Each structure stands twice: as structure tokens, then as C-alpha cells.
Amino acid sequence: MTSPAFSFEGSPMARYIPAEIEPKWQAAWQEAEIFRAERDPERPKYYVLEMFPYPSGRLHIGHVRNYTLGDVVARYKAAQGFAVLHPMGWDAFGLPAENAAMATGVHPADHTYGNIAEMKEQMAPMGWSHDWSREFATCDPEYYGQQQAMFLDFLEKGLVYRKSAMVNWDPVDMTVLANEQVIDGRGWRSGAEVERRELTQWFFRISDYAEDLLAALDGLENWPEKVRLMQANWIGKSRGIELYFQRRDGAGEIVCYSTRPDTMRGASFLAIAPDHPVARELAEKDPALAAFIAECRKGGTSEEAIEKAEKLGHDTGLRVAHPLDPARDLPVWVANFVLMDYGTGAVFGCPAHDQRDLDFARKYGLPVQNAFYMPGESVEVENEALVPAKSERVVYIDHFTGLAEATGEEGINAAIDWFEARGLGKGKVQYRLRDWGISRQRFWGCPIPVVHCESCGVVPEKKENLPVELPRDVTFDQPGNPLDRHPTWRDVPCPSCGKPARRETDTMDTFVDSSWYYARFTAPNAATPTSAEDVDYWMNVDQYVGGIEHAILHLLYSRFFARAMHECGHLPAKSVEPFDALFTQGMVTHAIYMSEGEDGRPVYHYPAEVELRDGRAFLRESGNEVQVIPSAKMSKSKNNVVDPVRIVERYGADTARWFVLSDSPPERDVEWTAAGAEAAHKHLGRVWSLSERIAGMEGQGSGDEDLLRAMHKTIHDVTMAIESFGFNAAIARLYAFTNSLQKSKAGADTQRQAIRVLAQLMAPFTPHLAEEIWARQGGEGLVARAPWPEADPALLVEDTVTLPIQINGKRRSEITVARDLPREEVEKRALADQAVQRALDGRAPKKLIVVPGRIVNVVI
RNA sequence: GCCCAAGUGGCGGAAUGGUAGACGCAGGGGAUUCAAAAUCCCCCGCCUUUACGGGCGUGUGGGUUCGACUCCCACCUUGGGCACCA
């Protein structure tokens, strides 16, 4: 069949040139304002949100993945008839702008707004369906002013308070450091050993919501299981007991929190935090202890730093009575691994059943005594602690409750009852979750709107004076927060008594900014933080998309903030869980090409300098082979960053979008490869040629029904795949259908129908190419506005099925039978099969399993 | 150190407990071409066999099941988070 309609040669086909297609359709969308979200009581709404970017100034390929994922959902939902809200804005406060100010002297605001302008320019060619009319940056005074208003509401409701807490202190630069700025225990600029220093700071009472935040996780059915689990572990609910240990010096008691009171027999010491009041009290008269406590303050505040630090202890000389045997003494040690923030800041050490306690006991020569054995093994612990799961049965040794063999859980419960009955302790539910410290000793953040007055104390700023705006006239020529040394900004009259007072110069954690932006998008210009009408209509976020690295902090803070906003009347009750569905995507990675330099240090090569042959990499210039490290996180210093702007210039946005979605499931990391991008581009070119060929076709053909069946199957499969975020699978189905269409001999009308459906199904992924094909094939209006195609169920079922036949679970043959063939017939046909006959060798099968429509298994 | 996740051909990956390897890349063969590019067609897990076929195979070791990539237990490796990076 070589009619002209099928010939590539000689037909006046246009080539696929994205640079001609893409800007045209972007202009058409803008002209029609199809992405502008409007409240529409006639239609159901759909709010899809991607985590907004920090304006670094460079669009990263990770952004491309994130926003393309959201864009597919937004465009798909729009095609299904929803009123879609798909906003975009900027998480604009933060350290990098201050670092830039220190390096170049440019004001953080200028730096940030400059970056925003640059990034917007880089985002425009991607063809994302964002509603830019709702754009804002968290550093806009209009935004952070509303945040300050909410801070004052929280203050009034008692959701905010001040207390002392530790920060990283650089003793040379005389400044507070972020954890990121502490490298191996030293300040990143000064190189000085960092110490922990106490500062009075503002806190949100998130721990009051620990139980609610934990319990409500069950209702978040459309969140990834692992995120819920991570949050549950982070909140860390545990049931235990507060135990009272009487001091031998008669000065009262030390209260320890324990989740394993059943192991009390093995207690050999008490360990208290260096900041514990008892430690401080004893240090006043004990210079050696004071020196030890000072030593414990070395290093950063991060939990990782504390946990990994060498376990150090100091015997205070104080003794307490062992609760089980008042004649027995337990020594009280100060230990650097005990955290004042958790429990009571004091624990009893049971070396036999806790590895850390055991290491500590061996180091300092403290006794090790088992509280239980595993059943049948009466072995004393040596160098490995015996720590079975609480559900496992153990044999308690001479237990104070009278228990013999029991599970850990039973032992714990019995021990709690026993101690409570004797007034030695009190059962207590404990959470690991700490209150959220929001004070930052930095300039580029939302100012905390309070004033410190000598006579009135801490006085909230009046709401009519908001926003408390950051000043323009600041310099960054010395370390620290310039607000601290800005007299005219800092010195203000007290809002209450009018006497001279000082503004709070700390600003808020940037996580505060990102804890409510989703609500602000529903009414970005409202005179109050939110507007009731708009949050009622648009909230909740139906689909939230972002990086897995935000699984805990950002999402937990947002959940808390929504609850707090509800209490202050800024969100309805339905929005205390603001994100109905969450999707966490993986990273985009890229291989690193590395060789060894003359000095032995690694040299990183740009992909452009490298030629790939048979999976090995060689330098183009010298021909020397270089080492390939696959799937590495993109990093400027490793020269493996892929610039999406260059990709779009070379291949067009549709190729970039198609590729980042096609190669890996979205939740997993995807490796960017030049070959993959090339292949994606080629495929789009094939679809284009196919469309051009079909456009020129006329007349009848054969196999129309086969093509229609394939088309409806594809509609069904692609729709299901999009619904479940299986975008790579959706794209695989689109590849397969393209191949079927290419090979089809069906008539012109059917083929035209098929290519139009293909364009519709591709539209969420490659919207520009889809529009072009849609227009050329006589589609009505914009494909972005065409209703999503529906699969005809009648065309999805086949009359016959092919059943694999297994023998002992291994596939050995297959039979093709009518779909509704009765089971007995299937059995008969399966047993008659040659392979089965051969395997049976005259014997009768032990068992015959027929799963209708799926499989036959013959057990011999 | 603690919490979480992921490991499937040369590579990225597919697979409601039911034919492991869909789809794509790389590779091999062919067509077209004066030649190349582009395009099109076919093959492509490993071992064994002339062939038909047979054996092995989803990080490792166990277990549940007629049947396990999928469920359970232990381990190994890699990645994410650890409260002041965003």
C-alpha cells in the first residue's frame, strides 16, 4: 500500500520546530486568559499547588520536574471541567540574600526582586498553566504585614511565648549561626569552634497540638504512607513514667522520665543534661563540674551533632537512692547526650538494655546488670546490650512486680502500676515534638512585631501600625543582624506608655512564611490574612506537590499553622488539614564525570567536555577515560548541573517536560541524560510527522475497529495512570498508541479521530505540540479547553483471552479461549495441552487452580 | 547515632499475590542512499542446546502460598530527614 497519503517522500510536510510553535500557543493562552482562576458556583473547584520556589535566580531542572508534575494535574483537571486554581509565588526571605549582601553590598530586597524577575523570565517558556495574577513574594510588605497581624492574634490566644533556648554561637564573629553554617563543629567563615549559647526566643506552642497532629494523620488518606510515618515518628508519642529519685544530700528529688521502668533492676546511674537545674546548682560549688558543663557546650545544636559527639560524662559526686532498694546508692552523672528538651532532662542509665548506656558504663566503669534474659538463655550482657522489641517475651530476673516471663509491654505496664501504687512515680505520655522556635537573629525575614519597654515589658505593636517594615538603609559590612545597630528603626516609643522603647530585632523563621502561603493564594490582595468567601470556595489544596525533603518540617508546621489560623478565625474548620492530597517527587540527578588532577584532587568535567562510548566516558580533547558517577545530586561544584534554559533553547519546552516525566516514576529520582532528552525530542518529531501525514490522508482503509479499540484502551490507561501519578506509565502507553497509529491502515476519518485523541491525551504533558496538532486536525478551539476524552467500556473488553498455563507455578504454555468459557471447559482444555500432558506423563494432577480470565496452574 | 525510603537486563524502568522485563535508551542485523544524516523494519536477561527444548533469574539469606518483584523476618548497599538551608 503506497498511496501518496502514506508516503513521506514528496509530501509538503512542515518540520517540527518547537521555537515556532511554543511562543505562539503561550500567547494564545495568555490572550484567552484560560489560566486565570475564577470562583464559579456552577463548577467544582480544584486547587493544585506546587511548593513555591526560593528565588535563587536560576531555574533548576528540579523545578522543571516539580512544576511540570503539577501542571499535568492542573491541565488534566481543567479538561475534566474543574475550576482550577494553580498559583505561583516566591518563598523569598532567607539566608542567601543576606550572604549576597555581605559579599556584594547589594540590599537583600534588590537582590531578591532581581532574582525573581530573572526566574520568571526563565519560567515563561516552559508553558506552565500558572495563574500569575495571584503572584506574591513572602518578602512583600503586604504579605508579611498580614503574617505579623496573625502573630499578634496568636499572641493574644496564647499560642506564642518566650523562653530560653540554645543557638549556635560563633565566638570569633560574635554571631549566631544557622546549622548549615556550622561545618564539623566550626563556624563556616571564622573557622572557630562553635559553642551552644542560651538566648531568649519566641516559640509557637506546636507541642500543645502533638496529639491532634498525630491522630489526624490517620485521616490523610491521600498522603504517602511514608510521610505520615515520618511525621508520626517525629511527633514521637511514648508512654512512660516520671520516677522520683531521692537525693542523698536531702535536697529533694530528681525526676527522671523512662519508657522502660521494667528494667529498673539494671539501673546503675542517673544521667542529667548539662543544662539541668541540678547540674547548674552543683556546678556553682564545683569548678570541675562547671568546666565539664562548659566543655559540653562545644559544638553545634543539631541533634545529629549531639548524637554523633563522643559520649562524655562527669560524676557529680551526688548520690540518689535506688527506688527498689533504698539502701542502694546510684551516682548522678552529667552526660552530654542527655537533652534538656526531652522528658525531664534526666534519665536513669540501664546499661544492660540500652547500647548507649552500655558504652557509657564500660567507659566509666559503672556496673552492668541484666533486668531480664531472653527465654532459655541466662546470659549476662557483655558488650552488646540486650534490646528486644517491646512485643517480645522475656524472662524477668527476680522482678519487683512479681512478673516472670512476659512481654516487654506487660512488664512496662506492671512496673508503671507498681511505682504509681507506691508513690514513687507517675505514668506519663510524652512527645518528642518540641515547641517551634521561630526567632532568628537575622535581617532578611519577617520582623516580629513587638516592642520591649522597660516599664511595660513586651508590648505587641498596634495592628494599625503594621506592617513593621524592614528598613532600606542598612549595611552588611560586619557580621550579625544590622537591625541590632540601626538606631532609628530600632528605637521607637512604647505602643502602650509612649516612653522610649526598643523594637524586637529578631525576625521570624522562614518556615513561618511558607506555613500559610497556600491560604493567601486564595485571596492574595485581601486586607486581612484571608477572606472568608475565598477560603470557603478554594480551600483545601486538592493536590500538593513537592520534594520529599519537606516531608516533616514544612508540612508539619503548615498543619499546625492551619489549626492556629482556624482558632483565630482565618480559616474554616474544614481547613485545619490544608492539603487533601500530597505527592512527593524525587530529585533530578545527573552523572558526574571525574578524573584525578595532577595534585591528586578530583577534577570534575562538564558533560559537554565528555564523549560517551559503550557506557564509558572519554574527554573529547585528550581522549583520556574519565570516571562516571551515575545519579548524583546536581551540584555546581561537581559541574553536573543541567540548565533547563539551555535544554528549552535546544529542544523546546515540550521535550523537556516530556523527558522529565517519561523516564522514572515521579516519586523516584530521575537521572537526566542527554540521550534521553534526544530520544524524547525524536519521539515528539515522530508524532508531528504522523500528524502531518494523517492531515493529508483521504478515503477508506482497513482495521478501523482495531484502531478504535486501541484508542479507547489508551484513553482508559492514560486516564488511570494520570489519576495515580503514574506519569511514566501514561507516557509509555502514549508511545505504544503512537506506534499502533503509525502502523494502522485504517481510513482517514478514523485516523484523524485517533490523532486528535492522541493530542488531547498528550496535552497535559506537551501542551504546545498538542495545540498545534489539534488545530491542524480541525479540533475546535483550544485543546487546553477541550473536554477530556472518555473511554467507551464496550470497546475495552475482548472476546477471547489468552490464559498462561503454569505447571507448579512456572509458566509452561498458554491457551486462547472465549472470555466466558465455563471453568470446567477451561480445565479440560488446559489438561489437554501438550506441555501439560508431557509433564503429567499419565499421572493425575494433585491440584488444578483456575483463576478466571487470568491464569491456570497445574500442581503435580 | 536516630527516623524513613529504595534496590528488577548493559542503562532508566513496567508488572490489582497470577505470563518478570511493557515502554524507552544503548547495542546488533537489515532496508533506503553514490555516501552520510534522517527515517523505516527485525533481534536483544543469563547459561545450555544444531534445533525443539531445558535450567537459572527481581540486592543477600530465610519464611508464608498452588503461585512472591509484590506479603513476613533478618541482613547489606544507596538516598532523604534530624527542629537555624530552603
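The chains referred to below are lettered A, B, ... by the order of the sequence lines, with proteins before strands, and numbering in each begins at 1. Since the structure is predicted, the reported quantities are computational estimates derived from the model, not experimental observations.
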For A:M508 and B:C85, what is the distance between atoms CE and P respectively, to the nearest whole Å? 18 Å
Heteroatom pairs (N/O) under 3.5 angstrom, protein to nucleotides 18-25 of chain B:
unit_1	atom_1	unit_2	atom_2	d
B:G18	N2	A:Q806	OE1	3.4
B:G18	N2	A:N857	ND2	3.4
B:U19	O2	A:R811	NE	2.8
B:G24	OP1	A:N739	ND2	3.2

Interatomic distance at P, B:G21 relative to B:G9, whole Å: 14 Å
With sequence neighbours excluded, what pairs up with A:F337 under the ring pair (Phe, Tyr, Trp, His ring centres under 6.0 Å) test? A:F360
Go through B:A83, B:A14, B:A86 for me and flag the one nearest to the A:N179 side chain. B:A83
RNA chain B: 5'-proximal contact among A:V167 and A:E307 (nearest heavy atom): A:E307
Run the ring pair (Phe, Tyr, Trp, His ring centres under 6.0 Å) check on A:F52 and A:Y517 step by step: do they pass? CA-CA 9 Å; A:F52 64 165; A:Y517 76 108; 3.6 Å; yes
A:F337 near the nucleic acid: base, sugar-phosphate alone, or nothing, with a heavy-atom cut-off under 4.0 Å? nothing
What nucleotide among B:C85, B:A83, B:C4 has an atom nearest to a side-chain atom of A:L229? B:C4
For residues A:A271 and A:V338, report the shortest heavy-atom separation together with the two atoms involved. CB-CG2, 3.8 Å
Check whether more than 12 heavy atoms from other residues, nucleotides or ligands sit under 6.0 Å from atom NZ of A:K163, and answer yes or no. yes
Of B:C85, B:C41, B:G1, the nucleotide closest to the side chain of A:L95 is B:C85
Could you point out which residue of A:Y209, A:W436, A:F204 forms a ring pair (Phe, Tyr, Trp, His ring centres under 6.0 Å) with A:Y557? A:W436
Duplex segments of RNA chain B, taken as runs of at least three Watson-Crick or G-U pairs that stay under 3.5 Å: B:1-7 with B:76-82, B:10-12 with B:23-25, B:27-31 with B:39-43, B:45-48 with B:53-56, B:59-63 with B:71-75
In chain order, what residues pass the salt bridge (Lys or Arg N to Asp or Glu O under 4.0 Å) check against A:E667, with sequence neighbours excluded? none
Between side-chain atoms of residues 674-681 of chain A and protein atoms elsewhere (two or more places apart, or another chain), which donor-acceptor pairs fall under 3.5 Å?
unit_1	atom_1	unit_2	atom_2	d
A:E678	OE1	A:Y651	OH	2.8
A:H681	ND1	A:Y651	O	3.3
A:H681	ND1	A:T655	OG1	3.0

What pairs of nitrogen or oxygen atoms, one from the protein and one from nucleotides 68-75 of chain B, lie under 3.5 Å apart?
none

Please pick, from B:A86, B:C84, B:G80, the nucleotide with the shortest atom-to-atom distance to any side-chain atom of A:M230. B:G80
